[in-house]
Amino acid sequence: MRIIKVENYEQLSREVADLIAAEIREKPKCVLGLATGSTPVGAYKLLVRAYESGEIDFSEITSVNLDEYCGLPPDNPESYRRFMDENLFNHINIDKAKTHVPNGMAESLDAEAKGYEALIKSLGGIDLQLLGMGHNGHIGFNEPDEEFKALTHHVHLAEQTIKANSRFFESPEDVPKSAITMGIETIMHAKKIIIAVSGNDKANILKKALFGTITPRIPASILRLHNNLTVVTDCLT
Ligand code: GLP
């Protein structure tokens, strides 16, 4: 694992954007695994800027997002589809038909999860997966558990996650209670993984994930077994 320690969120965003831009230049048809949350917002802004100044071409990129809330239509302001459109896709020359986010409104969530997994396989897998990390060590919506859940699946969100994500909603009651998320195996199959972690409030859990026991109680801890993991963080001194 490679750890890039930076001093602040601006530097973190710059590093993450540079790593993604390098991947696109190296492989213009790459499959990008993308993440939501506040952490990647700065990097997405820089990627938009790089596109506007003609430095990156997204026209041949395919994207697959990590997760989506269940029960929020795609145009709901808090849905992850809307988040991706507003923070990235609407501002670059990516073909929207090639941007994939799980459908949290599907009639059968299990069938949707299976279909999403099959889609990723049919694309030849993920070249570069970007991750953030929740305060309980979750990645995507893989919550602390007794075991690592392998493939894309329907998941009930932990109370801590609902609380943390309620800052985007009017009240905690409005936060969806479940989601569809890529599983740990789906993520671990990506050829490269970048995890971006920002803020002192995540320093402890990040240290546990990187240097403690590998356990499903801290889902991010398994990433250390990946052979091409880059950690970009401003919370390790
Ligand atoms: C959500 C997302 C995760 C994200 C996490 C951390 O729960 N499902 O993919 O990494 O939030 O978000 P933030 O970056 O806002 O701390």
Side-chain angles (χ1 to χ4, degrees), residues 6 8-10 12-13 15-17 20 32-46 63-72 76-84 86-88 100-104 109 113 116 120 126 128-145 149 152-169 172 174-184 186-188 190 193-206 208-210 218-223 229-235:
V6 293
N8 52 44
Y9 181 72
E10 284 66 42
L12 174 136
S13 301
E15 289 289 345
V16 171
I20 294 174
L32 291 180
L34 297 176
T36 52
S38 41
T39 309
V41 170
Y44 291 160
K45 276 199 182 113
L46 292 171
S63 72
V64 281
N65 258 77
L66 274 170
D67 47 14
E68 177 60 286
Y69 287 119
C70 292
L72 294 188
N76 183 292
E78 302 311 333
S79 80
Y80 284 168
R81 158 53 73 183
R82 177 92 174 255
F83 174 99
M84 289 311 300
E86 288 184 351
N87 285 288
L88 187 64
H100 305 281
V101 180
N103 174 11
L109 296 169
Y116 202 70
I120 295 171
I126 298 165
L128 174 66
Q129 177 65 56
L130 173 63
L131 299 172
M133 187 182 73
H135 289 88
N136 57 7
H138 76 228
I139 45 177
F141 270 132
N142 289 276
E143 298 283 23
D145 207 337
K149 293 267 178 349
T152 303
H153 59 283
H154 175 221
V155 62
H156 293 280
L157 301 181
E159 273 310 312
Q160 197 181 353
T161 303
I162 292 175
K163 213 167 149 199
N165 291 5
S166 66
R167 68 191 193 276
F168 300 111
F169 292 80
D174 294 335
V175 184
K177 305 288 179 283
S178 74
I180 292 184
T181 181
M182 283 185 199
I184 293 293
T186 326
I187 294 169
M188 290 294 279
I193 298 178
I194 301 170
I195 184 163
V197 183
S198 178
N200 284 336
D201 50 341
K202 287 186 183 168
N204 253 335
I205 189 78
L206 180 64
K208 283 187 186 159
L210 298 184
I218 304 176
S221 63
I222 201 169
L223 296 173
L229 170 70
T230 304
V231 182
V232 186
T233 183
D234 61 13
C235 50

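Both ligands and their constituent atoms are indexed starting at 1 by order of listing.
Contact annotation: for Thr39 versus ligand 1, heavy atoms closer than 4.0 Å belong to both the backbone and the side chain. Residue contacts with ligand 1, taken as heavy atom pairs separated by less than 4.0 Å, involve Arg167 solely via side-chain atoms from C-beta onward. No part of Phe83 comes within 4.0 Å of ligand 1, judged by heavy-atom distances. When non-hydrogen atoms are compared, ligand 1 lies under 4.0 Å from neither the backbone nor the side chain of Leu131. Of the heavy atoms in Ala35, none comes closer than 4.0 Å to ligand 1.
Near Gly37, the atoms of ligand 1 lying under 4.0 angstrom from a non-hydrogen atom of the residue are 12 (O), 14 (O), 15 (O). Close approach to Asp67 involves these atoms of ligand 1, each under 4.0 Å from a residue heavy atom: 2 (C), 8 (N), 9 (O). For ligand 1 and Gly132, the ligand atoms under 4.0 Å from any heavy atom of the residue are 10 (O).
No donor-acceptor distance shorter than 3.5 angstrom exists from the side chain of Thr230 to the backbone of Ile194, with no hydrogens or angles considered. In this structure, the side chain of Glu78 does not engage the main chain of Phe169 through any donor-acceptor pair within 3.5 Å. Side-chain atoms of Asn87 never come within 3.5 Å of backbone atoms of Lys45 as a donor-acceptor pair (strictly under, hydrogens ignored). The closest donor-acceptor contact from the side chain of Gln129 to the backbone of Ala190 lies at 3.5 Å or more, if one exists at all.
Here the heavy atom of the protein found nearest to atom 1 (C) of ligand 1 is Tyr80 OH, 3.5 Å. When only non-hydrogen protein atoms are considered, atom 6 (C) of ligand 1 lies nearest to Met133 O, 3.6 Å. In this structure, the protein non-hydrogen atom closest to atom 4 (C) of ligand 1 is Thr36 O, 4.0 Å.
Between Lys202 and ligand 1, at least one pair of N/O atoms sits closer than 3.5 Å.
Rounded to the nearest 0.5 angstrom, Leu157 CG and Lys177 NZ are separated by 8.5 Å.
Residues Pro40 and Val16 are not in side-chain contact: their nearest non-hydrogen atoms beyond the backbone lie 4.5 Å or more apart.
Using a 4.0 Å cutoff on heavy atoms, His138 counts as a contact of ligand 1. The shortest separation from a heavy atom of Gly140 to ligand 1 is under 4.0 Å, placing the residue in contact.
Checking Tyr69 against Asn165 by side-chain atom types alone, a donor-acceptor pair falls below 3.5 Å.
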